[in-house]
Amino acid sequence: MGTLEDSFRELARSMGAMIDGVSSPDYFRSSARDSWDPQLNVYEMADKLVVCVALAGIQPGDLDVQVEQNILHIRGQRPKPSVPDATSEISVHLMEIDSGRFHRKIPVPADLNVDACTANYKNGYVWIILPRREDAPHG
């Protein structure tokens, strides 16, 4: 049997490990949240702005894309992935795929023709094309 000092040392080690676990990004990834932020890339060209959003598993009808006051809003909801043909109880070992509501806001230049904005879904990515107005000065 250890000394009181050994017991306190073990308690301090355990508390440190618990605090490290709670403060790690992985702890918060598995915690319940109201919404999440999909990853995206923004590309700018002389005649357009292109936004690529990683949204595997979303149905196009569950996506809303709008430009309001020079802010591109990308809203939607992605369901939790479900194991196909699961016939027994499932234990989760790791859960990194975000699901639920999302809303990204991206500032965009004022010279865009928002009425000509298009979006398409390909290979898990949503591509949003925002052409510049014809009368916009070029670069």
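When reading the values below, keep in mind they use all heavy atoms of this one structure, side chains included, and skip hydrogens, waters and symmetry mates. Here, residue 1 is the first one in the sequence, and each next residue gets the next number.
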What heavy-atom pair brings A56 and Y121 nearest, and what distance separates the two atoms?
CA-OH, 3.6 Å
If two hydrophobic side chains count as joined below 4.5 Å and joins carry through other members, does V108 share a cluster with V114?
yes
Aromatic rings W127 and Y43: how do their planes relate, parallel, tilted or perpendicular, breaks at 30° and 60°?
parallel
Any side-chain heavy-atom pair from P109 and R132 closer than 4.5 angstrom?
yes
Residue pair W36 / S99: nearest heavy atoms and the distance that separates them:
CD1-O, 3.2 Å
At what distance, to the nearest 0.5 angstrom, does CG of L130 lie from CD1 of I106?
9.0 Å
In Å and rounded to the nearest 0.5 Å, what is the CD to CD1 distance from Q66 to I74?
11.5 Å
Is there a path from Y125 to L49 through hydrophobic residues (I, L, V, M, F, W, Y) whose side chains come within less than 4.5 Å of each other?
no
Compare every heavy atom of M95 with every heavy atom of V92, then report the nearest pair and how far apart it is.
CG1-CE, 3.8 Å
Correct closest heavy-atom pair for I71 and P107 would be CD1-CA, 4.0 Å
Does any part of the side chain of P38, heavy atoms only, come nearer than 4.5 Å to the side chain of D98, both counted from C-beta?
no
Approximate separation, where rounding is to 0.5 Å, of Q77 CD and L63 CG:
12.0 Å
Examine V126 and V42 and state if one hydrophobic cluster contains both, with Ile, Leu, Val, Met, Phe, Trp and Tyr joined whenever side-chain heavy atoms are less than 4.5 Å apart.
yes
Drop me the distance from S35's OG to R104's CZ, to the nearest 0.5 angstrom.
11.0 Å
Measure the CG-CG distance between L40 and L55 for me, rounded to the nearest 0.5 Å.
9.0 Å
Taking atom CZ of R78 and atom CD1 of I58, what is their separation to the nearest 0.5 Å?
7.5 Å
Please give me the minimum heavy-atom distance between V53 and V51, naming the atom from each residue.
CG2-CG1, 3.9 Å
